[in-house]
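See below for the structure under consideration.
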Amino acid sequence: VVGQTANAPFGNNSTEPASYVKISGVYNESTVETYYSAQGLGGIVGSVGYRGYLDIENSYNLGLALGSNYNIGGIIAHFMSNTTVTVKNCYSVWKDKSKMGSSKALFGGSLSSTKYTFDNCYYLNTQRNNELAGLPATAEQFRNGSVAEVLRDGENGSVWGQNVGMDAYPNLSGELKNSLAQRYAVTFHTFEGDTAEYFGSYVSGFKKILPTGVKENTTFMGWYDNA
């Protein structure tokens with residue numbers, strides 16, 4: 001979708017980003033190929049430019065990347081220095097990983113000089129390769145609607161859908177049909193007057209981080225299932 005986002009001249013120490021790119025509601029199912037060694041070959045973004053700001057949400061990759069390249073990633077392949085990246089509600093499944101050597105399922109390159117936030121991003125567990133971020137999901141979790149369910153649980157995630165039994169993977173149809181995912185309700189019993197919002201359910205097979213309770217002049221000791 002994007003080869004490289006715009007970058008500032010090297011040595012530019014301005015506090016302003018060189019570019020701001022927001023990508024939302026896009027997908028790749030095609031073959032991406034390089035004919036020379038580029039900085040990155042990605043399903044959605046090849047490289048985030050120096051001092052660039054990139055925001056991706058509700059996007060996925062089901063494509064194939066071919067070519068001689070060290071940095072290959074399903075969503076983003078390469079991060080130049082001093083970049084800021086936010087990615088939420090995404091997944092990647094390479095069409096044929098056997099042809100792609102040491103490519104990453106989601107994010108390639110290095111994050112050592114990048115400020116990043118990755119939330120609610122998934123990849124096929126059999127395609128992992130020292131992944132920098134993201135959560136593994138099985139082929140069955142992709143097929144049965146479980147991944148679509150957790151993607152829909154994310155911020156602005158209502159665009160996700162899947163017709164389980166017909167669609168092998170989630171899509172951006174906005175309609176989830178025939179889901180076989182197991183969802184369990186959760187109730188948090190805290191204290192009278194608590195106005196905090198807590199999640200009300202979770203999908204089997206995916207961990208949810210329990211919230212930290214906050215009450216003035218008290219110390220939170222954790223959650224109990226038998227209090």
Side-chain angles (χ1 to χ4, degrees), residues 22 24-25 54-61 73-76 79 84-93 104-107 111-112 114-162 164 169-172 174-227:
K22 182 174 179 62
S24 178
L54 176 64
D55 185 348
I56 300 178
E57 72 170 359
N58 297 326
S59 300
Y60 67 89
N61 168 62
I75 302 298
I76 305 172
F79 304 84
T84 302
V85 177
T86 299
V87 184
K88 58 187 177 184
N89 302 344
C90 72
Y91 79 86
S92 177
V93 178
K104 296 288 195 296
L106 285 173
F107 309 109
L111 295 169
S112 60
T114 296
K115 295 179 181 178
Y116 60 89
T117 300
F118 300 132
D119 182 37
N120 210 28
C121 296
Y122 303 89
Y123 59 88
L124 184 61
N125 65 333
T126 57
Q127 295 185 348
R128 78 178 77 201
N129 177 33
N130 297 318
E131 297 301 318
L132 302 179
L135 298 171
T138 66
E140 179 59 24
Q141 288 173 319
F142 275 102
R143 279 194 298 266
N144 69 16
S146 293
V147 174
E149 291 262 14
V150 292
L151 288 169
R152 288 177 62 86
D153 284 347
E155 184 179 359
N156 301 323
S158 61
V159 299
W160 289 97
Q162 184 176 3
V164 175
Y169 299 100
N171 53 49
L172 299 172
E175 190 173 3
L176 180 58
K177 299 179 180 179
N178 308 315
S179 176
L180 300 176
Q182 294 179 306
R183 182 181 286 274
Y184 298 95
V186 178
T187 301
F188 292 92
H189 299 278
T190 58
F191 57 91
E192 186 176 353
D194 186 7
T195 59
E197 294 185 3
Y198 302 96
F199 63 84
S201 66
Y202 70 95
V203 176
S204 177
F206 295 98
K207 294 181 179 179
K208 291 279 281 191
I209 298 176
L210 294 175
T212 299
V214 177
K215 185 180 181 181
E216 189 175 357
N217 300 321
T218 64
T219 300
F220 181 70
M221 301 297 291
W223 296 101
Y224 298 86
D225 62 2
N226 59 353

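All values below come from the heavy atoms of this structure, side chains included, with hydrogens, waters and symmetry mates left out.
Close placement of the Y122 and F206 rings is indicated, their centers lying within 6.0 Å of each other. Checked against the 6.0 Å centroid criterion, the rings of F107 and F118 qualify as a close aromatic pair.
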Query raised in the report: Please walk me through it: do F188 and D194 pass side-chain contact (heavy atoms from CB on, under 4.5 Å)?
Result: CA-CA 11 Å; F188 292 92; D194 186 7; over 6 Å; no
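N120 contributes atom CG, which lies 8.0 Å from atom CG of L135 (distance to the nearest 0.5 angstrom). Note that CG of L176 is 12.0 Å distant from CH2 of W160, once rounded to the nearest 0.5 Å. We find the CG-CZ distance between L210 and F199 to be 5.0 Å, quoted to the nearest 0.5 Å. For the atom pair E216 CD and F191 CZ, the distance stands at 10.0 Å (nearest 0.5 Å). Atom CD1 of I75 sits about 13.0 Å away from atom OH of Y123, to the nearest 0.5 Å. Taken from CG in N89 to CZ in R152, the straight-line distance is 11.5 Å, to the nearest 0.5 Å.
The two residues G145 and Q162 come nearest to each other via the heavy atoms CA-OE1, 3.7 Å. Nearest heavy-atom pair, L151 versus C90, reported as atom, atom and distance to 0.1 Å: CD2-N, 3.7 Å. When every heavy atom of A181 is checked against every heavy atom of E149, the shortest pair comes out as CB-CG, 3.8 Å. Across all non-hydrogen atoms, the minimal contact from N178 to V164 is O-CB, 3.2 Å.
A distance-only check finds no donor-acceptor pair linking the side chain of E131 to the backbone of R128 [under 3.5 Å]. A donor-acceptor distance shorter than 3.5 angstrom exists from the side chain of S92 to the backbone of A105, with no hydrogens or angles considered. The backbone N or O of L172 sits nowhere less than 3.5 Å from a side-chain atom of N58 that would complete a donor-acceptor pair. In this structure, S59 contributes its side chain and E57 its backbone to a donor-acceptor pair below 3.5 Å.
Salt-bridge formation is detected for the pair R183/D153: a Lys NZ or Arg NE/NH1/NH2 atom is positioned less than 4.0 Å from an Asp or Glu carboxylate oxygen.
For the pair F142/Y91, a side-chain contact is recorded, criterion being any heavy-atom separation below 4.5 Å from C-beta on. In this structure, the side chains of I76 and I56 come closer than 4.5 Å at one or more pairs of heavy atoms. Counting heavy atoms from C-beta on, the side chains of K104 and L106 never come closer than 4.5 Å. Residues Y60 and P170 are not in side-chain contact: their nearest non-hydrogen atoms beyond the backbone lie 4.5 Å or more apart.
Applying the ring-ring contact (aromatic ring centres under 6.0 Å, His included) criterion to Y202, with sequence neighbours excluded, gives Y184.
In this pair, W223 and F220 present their aromatic rings perpendicular. The plane angle is above 60°, beyond the 30 to 60° band.
V93 pairs in a side-chain contact (heavy atoms from CB on, under 4.5 Å) with only one of the listed residues (L124, T126, V147, N61), which is L124.
Other residues, nucleotides and ligands contribute more than 12 heavy atoms inside 6.0 Å of the NZ atom of K22.
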